[in-house]
Protein chains: 2
Amino acid sequence: MAEPLTETQYRSLARFRHALRRFQRFSEDAARSAGLTPSQHQLLLAVRGFDGPGAPSVTAIGELLQLQLHSAGELVARAASNGLVERRTDPADGRRTLVHLTADGTAMLEGLSVQHRDELRRFRREMNDVLRELD
Amino acid sequence: MAEPLTETQYRSLARFRHALRRFQRFSEDAARSAGLTPSQHQLLLAVRGFDGPGAPSVTAIGELLQLQLHSAGELVARAASNGLVERRTDPADGRRTLVHLTADGTAMLEGLSVQHRDELRRFRREMNDVLRELD
DNA sequence: CGCCATTACATCGTACTACGATCTATTCGT
DNA sequence: ACGAATAGATCGTAGTACGATGTAATGGCG
């Protein structure tokens with residue numbers, strides 16, 4: 001167990017990271033071109049694609065974005081002051097703050113998402129090719 | 001063209017980001033547990049898995065990690081002062097600095113790479129499931 | 001073969017973002 | 001009803017990538 005990697009596997013790992021970095025660069029550039037920070041873009045997507053019932057709490061956003069609670073809170077605060085999201089205290093639990101998209105946030109996200117759908121289809125193929133050599 | 005996304009597609013994008021964030025969190029935690037910064041870990045992998053002939057230049061590292069040249073230079077400098085890599089002026093072109101792994105750097109990378117190989121196999125499956133709904 | 005544009009890298013100051021530590025408010029268990 | 005736990009908010013800090021700028025080495029071209 002824990003066998004060392006072959007040269008091919010090291011290259012496979014490195015190529016995967018390269019592809020990942022390029023995807024992230026694409027995504028960051030696209031977000032900034034649309035006038036958003038990359039973090040705020042991902043926040044909008046996390047809210048829009050939220051799985052559970054109703055709107056996500058700040059804690060839920062922290063889990064989705066893998067951020068500490070207070071980092072998630074700061075991100076939501078910045079997005080709110082940019083008019084992208086709206087905070088509403090959960091009527092069922094006064095400790096919770098639920099995050100909703102504004103019309104602006106929804107519109108900004110839509111254009112970006114179309115671009116990302118295309119880019120992700122490309123990335124998916126590339127990643128499958130690269131990671132095939134991992135076995 | 002540029003058709004709006006379905007609800008399922010938004011969820012697919014959001015789930016992909018969630019999986020990606022968790023992979024990156026795993027990777028960052030693993031690197032830090034091994035005493036490396038996440039950036040330095042990725043630098044080691046880029047050098048170890050370098051495709052071209054010989055060792056990569058700082059410029060090549062910038063491209064692989066999608067960093068500006070000077071950011072790549074700073075990263076290499078930090079890693080060098082930590083004894084992970086070694087800089088050698090290219091004998092064939094005095095402007096170039098080629099980056100080599102030290103024994104220390106090679107050893108640190110090996111343990112991390114074993115963990116990442118396993119985690120990436122998991123991630124690959126998850127990503128295929130999630131992105132299947134993108135079509 | 002000598003000059004200058006180009007390439008490759010280094011240095012310095014700045015900004016963004018995530019985090020640790022700490023504080024407040026609300027809810028829950030008993 | 002009261003202490004413990006949960007959910008957020010706030011403040012200061014650190015790491016990292018970047019822009020702007022400076023320096024050294026190379027290569028093309030007359």
Side-chain angles (χ1 to χ4, degrees), chain A residues 17 21-22 24-29 31-33 35-44 46-47 52 54-82 84-100, chain B residues 21-22 24-25 27-29 31-33 35-44 46-47 52 54-82 84-100:
Chain A
R17 289 287 187 171
R21 289 267 193 172
R22 282 185 306 169
Q24 305 217 101
R25 173 63 58 190
F26 157 82
S27 180
E28 289 169 18
D29 291 347
R32 276 191 265 263
S33 293
L36 295 178
T37 68
S39 295
Q40 286 174 3
H41 167 220
Q42 292 196 43
L43 169 63
L44 297 186
V47 174
S57 65
V58 174
T59 295
I61 286 170
E63 206 288 322
L64 290 169
L65 269 48
Q66 295 286 294
L67 294 175
Q68 298 294 322
L69 172 60
H70 53 273
S71 302
E74 290 166 336
L75 176 57
V76 169
R78 291 193 297 269
S81 77
N82 286 358
L84 300 169
V85 299
E86 217 177 55
R87 282 180 287 193
R88 300 185 203 152
T89 301
D90 185 348
D93 184 341
R95 292 171 301 179
R96 288 195 183 143
T97 302
L98 303 182
V99 181
H100 296 259
Chain B
R21 289 268 194 172
R22 281 185 307 170
Q24 306 217 100
R25 173 64 57 192
S27 180
E28 290 169 18
D29 291 347
R32 276 190 262 265
S33 294
L36 296 177
T37 68
S39 295
Q40 287 174 1
H41 167 222
Q42 292 195 42
L43 169 63
L44 297 186
V47 174
S57 65
V58 174
T59 296
I61 287 171
E63 205 289 322
L64 289 168
L65 269 50
Q66 295 286 294
L67 295 175
Q68 299 295 321
L69 172 60
H70 54 273
S71 302
E74 290 166 337
L75 176 58
V76 169
R78 291 193 297 270
S81 77
N82 286 359
L84 300 169
V85 299
E86 215 177 55
R87 281 179 289 191
R88 300 183 203 153
T89 301
D90 185 348
D93 184 342
R95 293 171 300 180
R96 287 195 184 143
T97 302
L98 303 182
V99 182
H100 297 259

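When reading the values below, keep in mind they use all heavy atoms of this one structure, side chains included, and skip hydrogens, waters and symmetry mates. In what follows, every chain begins at residue 1, and chains take the letters A, B, ... in the order their sequences are listed.
- Computed from coordinates, the B:L65 CG to D:dC18 C1' distance equals 15 Å when rounded to whole Å.
- Contact between the side-chain N/O atoms of B:T59 and the OP1/OP2 oxygens of C:dC9 is found at a separation under 4.0 Å.
- Put simply, A:T37 has a side-chain N or O that comes within less than 4.0 Å of OP1 or OP2 on C:dT17.
- The separation between A:Q68 atom CD and C:dT22 atom P is 16 Å, rounded to whole Å.
- For the atom pair CG (A:L75) and CD (A:Q42), the distance works out to 9.5 Å, reported to the nearest 0.5 Å.
- Taking atom CG of B:L69 as the reference point, atom C1' of D:dA24 lies 14 Å away to the nearest angstrom.
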Would you tabulate the nitrogen or oxygen pairs shorter than 3.5 Å linking the protein to nucleotides 3-6 of chain D?
| unit_1 | atom_1 | unit_2 | atom_2 | d |
| --- | --- | --- | --- | --- |
| D:dT6 | O2 | A:R95 | NH1 | 3.4 |

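- Rounded to 10 degrees, the angle between the two end axes of the helix from C:dC1-D:dG30 to C:dT30-D:dA1 is 30°, with five pairs used at each end.
- Atoms CZ and NE2, on B:R32 and B:H41 in that order, are 12.5 Å from each other to the nearest 0.5 Å.
- The A:V58 side chain lies nearest to D:dG8 when the options are D:dC18, D:dG8, C:dA18.
- No engagement by A:L75 is indicated, since no non-hydrogen atom pair under 4.0 Å with the nucleic acid exists.
- A:V76 is listed as a side-chain neighbour of A:R87, based on a closest heavy-atom distance under 4.5 Å.
- Of the possible donor and acceptor atoms, none in the side chain of A:E63 sits under 3.5 Å from a partner among the backbone N and O of A:A60.
- Distance, A:N82 CG to C:dC16 C1': 13 Å, rounded to whole Å.
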Listing time: all N or O pairs from protein to nucleotides 10-13 of chain D that are below 3.5 Å?
| unit_1 | atom_1 | unit_2 | atom_2 | d |
| --- | --- | --- | --- | --- |
| D:dC11 | N4 | A:E74 | OE2 | 2.9 |

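- We find that CG of A:D90 is positioned 19 Å from P of C:dA25, with the value rounded to whole Å.
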Evaluate the criterion side chain to side chain donor-acceptor pair (under 3.5 Å) for residue pair A:R17 and B:S27; output intermediate values, then yes/no. CA-CA 11 Å; A:R17 289 287 187 171; B:S27 180; 2.6 Å; yes

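- Atom CZ in A:R25 sits roughly 10 Å away from atom P in D:dA17 (whole-Å rounding).
- Checking A:P91 against A:A72, the closest nucleotide of DNA chain C that is more toward the 5' end is the one next to A:A72.
- The nearest whole Å value for the distance from the CG atom in A:L36 to the C1' atom in C:dC16 is 15 Å.
- Checking the phosphate oxygens (OP1, OP2) of C:dA18, a side-chain nitrogen or oxygen of A:R78 falls inside 4.0 Å.
- For residues 67-78 of chain A, the set of pairs meeting the side-chain hydrogen bond (donor to acceptor under 3.5 Å, both in side chains) definition, not counting sequence neighbours, is empty.
- Of all nucleotides listed (D:dG19, C:dA18, D:dT16), C:dA18 comes nearest to the side chain of A:S39.
- Annotation: the span from B:T89 atom OG1 to B:R96 atom CZ amounts to 12.5 Å, rounded to 0.5 Å.
- By the side-chain contact (heavy atoms from CB on, under 4.5 Å) test, A:A79 pairs with A:Q40, A:L43, A:L84, A:V85, sequence neighbours left out.
- No side-chain heavy atom of B:Q66 sits less than 4.5 Å from a side-chain heavy atom of A:Q24.
- For A:R25, the side chain to side chain donor-acceptor pair (under 3.5 Å) criterion is met by no residue, not counting sequence neighbours.
- Side-chain contact check for B:N82 versus B:L36: every heavy-atom pair is 4.5 Å or farther apart.
- Taking atom CG of A:L67 as the reference point, atom P of D:dA7 lies 17 Å away to the nearest angstrom.
- A distance of 10.0 Å separates CG in A:D90 from CZ in A:R95, rounded to the nearest 0.5 Å.
- At D:dC18, one or more side-chain N or O atoms of B:S71 fall inside 4.0 Å of OP1 or OP2 (strictly under the cut-off).
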